[in-house]
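Okay, structure first, notes after.
Small disclaimer: the values here were computed from a predicted structure and weren't measured. Lettering of chains follows the sequences in order, A, B, ..., and the numbering in each one begins at 1. Quick note: numbers below take in every heavy atom, side chains included, and nothing from hydrogens, waters or symmetry partners.
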Amino acid sequence: MLDPKLIRNDIDNVARRLKVKRFDLDVAAISQLEEKRKSHQVETEALQSERNSKSKSIGQAKAQGQDIAPLLAEVASLGDRLETSKSTLGVIQKELNDLLLAVPNVPAEDVPAGDNEADNHEVLVWGDLPTFDYKPLDHVEIAADGAALNFDLAAKIAGTRFMTLRGDLAAMHRALIQFMLDVHINEHNYEEVYVPYLVNRESLMGTGQLPKFEADLFKINDARELYLIPTAEVPVTNIVRNEIIKDEDMPLKFVCHSPCFRSEAGSYGKDTKGMIRQHQFEKVELVQMVRPEASQQAHEELTQHAENILQKLQLPYRKVILCGGDLGFAAAKTYDLEVWLPGQDKYREISSCSNYRDFQSRRMQARWRNPGTDKPELLHTLNGSALAVGRTLVAILENYQQADGTVRVPLALQPYMQGKQELSF
RNA sequence: GGAGAGGUGGCCGAGUGGCCGAAGGCGCUCCCCUGCUAAGGGAGUAUGGGUUUAAAGCUCAUCGAGGGUUCGAAUCCCUCCCUCUCCGCCA
């Protein structure tokens, strides 16, 4: 959520900046509602104040044994007026709030203009693309012939957009998770957390998935109204919801492995083949809560932490900064890391690292105590995949494939696989 | 799943209709006293919002959450959530 004060005082500027994100802020509707809100709130609070003081004097009169009937008469009509005023205010506030909850974050100053993926700017390219003396296979051709990777089996068990892994491939999948966690914990100084995979509405509101993107989520069909997490970002970031973090505990740096569940409504027809787009996948997620002035620097570092995984695995990739039109709802700025997939002959997203600034914090009331002012202030949140495990597996299969149909195990991963150097299918 | 007890400020804990945003204690901050240590005295110490910006002032809300009763609710009623104890079940 954007700062209501900013929207009140500088709405045209906010609208202008949101244009970069291809979002049309309804300035007229908001200004009008805001005006109504103000007058009704002032009126309601005045009535409340009056009622409070009258009630107090009734109490005092009663304590002194005086007749309170005249006072009661005085207050009689107050209740109704207050009731009316309150409910009108409630309606206005809800309307305004619903409107504001649907307004995306303002992009950072250095976010390039653009409509979609095609307009993202390349920041760097890393690694040499592998060369093959045959047409490189895609991961499905490499692994799905045998039992190692099986979509039909998963379809029987669950449905489309699921997969099963068996044997060495399942082990490599697990090894990747372990490897990534170890690097982030030991080299990048993150604290590992384990969190619920089912979360409530408030948590999803906090990070911005709700109310706008309900269709992308799997919802549990019972009275508890829980949702399967689409990313560990949701439970991990919500650790600080309604909290005031001590300055000496900042910044908080969490790493979390979790499964992710996405309904991917509207994605049908895209990536129907293979494990690129699944309803369930594993991810190792980095989350940071930092002092506001530190978030830009933290964003660069966090992205570098994700890049380090790709570099250790010797996977060629490029880093792009998302243009306004491609930027997510809650993000102020995002770097995507795209890994090279020889089977597709292109770069594909494997990580997305975002700075949310105070957008999520404001929704969550996540604060830190600024020692300069000694007051609670909104902190900044960031997160990034480091990395999406399934897509990393795809990248290894395709980049490390050999003419005889086997796949080499990246050097960094071998200690996590009992020294195994090669997978065959 | 069954039975019971609870949820109050950073923590402990009082409060069962008005004088309560909340006693008292602990902790923390500042000051005083004291040649160290220990002890003692005083003051302060929740969060969010509104009031055209900031500060002050004024004001509203918040005692797990949401409704209700009442002129007035931490306190009474209803629903939900959570915690604890015992029994059952269980990885």
- Message: Check this one for me: any side-chain N or O of A:Arg8 less than 4.0 Å away from OP1 or OP2 of B:U51?
- Response: yes
- Message: Going by purine N1 to pyrimidine N3 plus the second Watson-Crick contact, or the G-U wobble pair, all under 3.5 Å, which nucleotide sits opposite B:A54?
- Response: none
- Polar side chain donor-acceptor pair, A:Glu233 to A:Gln360, under 3.5 angstrom: yes
- Is atom CD of A:Glu293 surrounded by more than 12 heavy atoms (other residues, nucleotides or ligands) closer than 6.0 Å? yes
- Task: State, to 0.1 Å, how close A:Phe425 and A:Leu397 come at their nearest heavy-atom pair, and which atoms those are.
- Result: CZ-CD2, 3.7 Å
- Going by the angle between their ring planes, with limits at 30° and 60°, are A:His299 and A:Tyr335 parallel, tilted or perpendicular? parallel
- Between B:C60, B:G48, B:C71, which nucleotide gets closest to the side-chain atoms of A:Lys62? B:C71
- Touch check for A:Ile244, heavy atoms < 4.0 angstrom, all strands: base, sugar-phosphate only, or nothing? sugar-phosphate
- Query: B:U85 pairs with which nucleotide, Watson-Crick or G-U wobble, both distances below 3.5 Å?
  - Reply: B:A3
- Query: Less than 4.0 Å between a side-chain N and a carboxylate O, is that true for A:Lys36 and A:Glu95?
  - Reply: no
- Tell me yes or no: between the side chains of A:Ser49 and A:Asn52, is some donor less than 3.5 Å from an acceptor? no
- Message: Roughly how many Å apart are B:U8 and B:G64, using the P atom of each and rounding to a whole number?
- Response: 6 Å
- Message: For B:C81 and A:Arg224 - does any side-chain N or O of the residue sit under 4.0 Å from the phosphate oxygens OP1/OP2?
- Response: no
- Which whole number of Å gives the distance between the P atom of B:C63 and that of B:C76? 14 Å
- Task: Could you measure between the two C1' atoms, the one in B:U47 and the one in B:U52, and give it in whole Å?
- Result: 25 Å
- Message: Please give the distance between the P atoms of B:C26 and B:C19 as a whole number of Å.
- Response: 27 Å
- Query: With a 4.0 Å cut-off on heavy atoms, is A:Glu74 in touch with a base, just the backbone sugar-phosphate, or nothing at all?
  - Reply: nothing
- Looking only at side-chain N and O atoms, does A:Arg201 come under 4.0 Å of OP1 or OP2 in B:A65? no
- Query: Is the phosphate of B:U51, meaning OP1 or OP2, less than 4.0 Å from a side-chain N or O of A:Arg37?
  - Reply: yes
- Message: When the C1' atoms of B:G27 and B:U34 are compared, how many Å lie between them, rounded to an integer?
- Response: 23 Å
- Within this structure, what is the NZ-to-P distance between A:Lys56 and B:G17, rounded to whole angstrom? 18 Å
- Task: Assign A:Arg369 to base, sugar-phosphate, or nothing according to its heavy-atom contacts below 4.0 angstrom with the strands shown.
- Result: sugar-phosphate
- Message: Under a 3.5 Å cut-off for both contacts, is B:G9 paired Watson-Crick or G-U wobble with anything, and if yes, with which nucleotide?
- Response: none
- Query: Where the side chain of A:Glu45 is defined as all heavy atoms beyond and including C-beta, which of B:C60, B:U52, B:C71 is the nearest nucleotide?
  - Reply: B:C60
- C1' atom, B:C31 versus B:U85: distance in rounded Å? 47 Å
- Note on the structure: Mate of B:G44 across any strand shown (Watson-Crick or G-U wobble, both atom pairs under 3.5 Å) is B:C28
- Task: For A:Arg362, report the nucleic acid contact type (base, sugar-phosphate, nothing); a contact means any heavy atom under 4.0 Å.
- Result: nothing
- Item | Residue A:Ser55, side-chain heavy atoms: nucleotide from B:U47, B:C60, B:C71 that is nearest | B:C71
- Pairing partner of B:C63, by Watson-Crick or G-U wobble and under 3.5 Å for both distances, is none
- Note on the structure: By the Watson-Crick or G-U definition, both distances under 3.5 Å, B:A39 is matched with none
- Query: If each of A:Gln365 and A:Asn52 is mapped to the nucleotide of RNA chain B with the nearest heavy atom, which maps nearer the 5' terminus, i.e. the 5' end?
  - Reply: A:Gln365
- Message: With a 4.0 Å limit, can you tell me whether A:Asn242 has a side-chain N or O closer than that to the phosphate oxygens OP1/OP2 of B:G48?
- Response: no
- Query: In whole Å, what separates the C1' atom of B:A22 from that of B:G9?
  - Reply: 9 Å
- Query: Considering heavy-atom distances to RNA chain B, does A:Ile58 or A:Pro4 have its closest nucleotide positioned more toward the 5' end?
  - Reply: A:Pro4
- Taking B:U59, B:G48, B:C71 as options, the one with an atom nearest any side-chain atom of A:Val75 is B:C71
- Query: Which value, in whole Å, describes the distance between the P atoms of nucleotides B:G42 and B:G25?
  - Reply: 10 Å
- Whole-Å gap separating C1' (B:U59) and CD (A:Glu43): 15 Å
- Message: Could you check whether any side-chain heavy atom of A:Gln304 comes within less than 4.5 Å of a side-chain heavy atom of A:Asn308, counting everything from C-beta outward?
- Response: yes
